[in-house]
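Computed from a prediction, not measured in an experiment: that's the story for all the values here. All ligand and atom numbering here is 1-based and tracks the order in the structure.
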Amino acid sequence: MEETLNAVAGESARLAGLVEQYGANNYHPLPIVISKAKGIWVKSPEGKKYLDMLSAYSALNHGHRHPRVMKALAAQAKKVTLTSRAFNNDQLGPWLKELCEFTGYEMAIPMNTGGEAVETAIKIIRKWGYKVKHVPEGQAEIVVCSNNFHGRTTTIVGFSTEPQYKDGFGPFTPGFKVVSYGNIEELRAAMNANTVAFLFEPVQGEAGILVPPAGYLKAAAEICKQHNALFVADEIQTGFCRTGRPFCWMHDGARPDMMIMGKALGGGVLPISAVVSSKAVMGVLNPGDHGSTFGGNPLACAVSREALRVLTEEKLAEKAQELGEYFMQGLRAIKTPHVKEVRGKGLLIGVELHPSSGGARRFCEALMGMGLLCKETHENVIRFAPPLIIGKKEIDWALKRIARALKK
Ligand SMILES: *Cc1c(COP(=O)(O)O)cnc(C)c1O
């Protein structure tokens, strides 16, 4: 630890010190400061270059400052940036239409952050449960998964199974039931007449890149249908081509009744999130039921429209699929006593280390020293999630360093 801290040179040390002195202590960043970025590369104030293999937890699928997205940002900044929803703006309508076309859903609602979009989904799900399914008032139940990560609001952490996420933040919102992720019989047993939805991540990113068993999502969708409950995917981290498909559920063909998006929807430039669903479900919302001052602002909408076009035109889903397989093959070929399993989908990859290997953090710090940025998730998993614009050559560059780090 001391050694890596000392490696941070003058200006970086000063800037990191300011965060430590004046910032709430709710993060434990690697000891690096970034002052410039382009594509898959970032630079420190001292000019040291790093390959970004975290991509802001998959918000940077387009890479840093994608030229087309930056152009859309600059052009819209000269026109109008914020109107609130008290008035219409000329970007919101086209963005809604294009997002519905991209996702294949009938209606969308704009928010800003992922957590907000999950909260929005919960409100719509519950209202649908009372007004359409006719669940008795106050009785609606949403089934969620063990090891879930859906954000940090008080309602969302209330149904987390991670003790630290909840410790000291209660009392919590009732109405959630937890089942083991990947266990179809537990899900079946949890359903009852008051169940309004099953909320899940198609791959659990924060939990350590956990991929459910083949057929799980399809069977879960079928159970939801039998019980007239909504099948709701949180695609905030897995969406927008990250896993080798436009959305991760497409691997299994288990189409959600509702989908929650965020992160890469803003092209790595601005926060924007959304929920999409059918008219029948989204139609439960009336003026005044829900809202957001910045939600649907024309600057974020213009950026997001271009971000969506880039995903399609640069074939980033196909690239993520192909390069993800190549990267995982390369990782599996590394001869090391530390690796227990390499898993993932597309370019969302987890390398799980044996508990005896002393934790993933020290490997992330070693890789940082070699110019490669990644982050541990939980104790023993290293997550590799580079921008989807990465090439084979840069993956080879990374594999060489990962092999060297894992041999230590
Ligand atoms: C990041 C994330 C969220 C929360 O998004 P924020 O923008 O940080 O609020 C929710 N769900 C999943 C699956 C995520 O990865």
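Among protein residues, Thr113, Gly114, Gly115, Phe149, His150, Gly151, Glu201, Asp234, Ile236, Gln237, Lys263 come within 4.0 Å of ligand 1, judged on heavy atoms.
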### Task
Go through Thr83 and Val80 one step at a time and tell me if the side chain to side chain contact (heavy atoms under 4.5 Å, CB included) criterion holds.
CA-CA 8 Å; Thr83 56; Val80 55; 4.0 Å; yes
### Task
Test side chain to side chain contact (heavy atoms under 4.5 Å, CB included) on His150 and Glu206 and set out the steps.
CA-CA 9 Å; His150 296 289; Glu206 293 318 293; over 6 Å; no
### Task
Give the C-alpha distance, both sets of side-chain angles, the deciding distance and a yes or no for side chain to side chain contact (heavy atoms under 4.5 Å, CB included) between Ile334 and Ile402.
CA-CA 9 Å; Ile334 296 172; Ile402 296 165; 4.0 Å; yes
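Note that Arg152 lies in the cation-pi zone of Tyr165, set by a 6.0 Å cut-off to the ring centre and a 45° limit from the axis.
For CZ of Phe102, the number of neighbouring non-hydrogen atoms (other residues, nucleotides, ligands) closer than 6.0 Å is greater than 12.
Not less than 6.0 angstrom separates the ring centroid of Phe198 from the ring centroid of His227.
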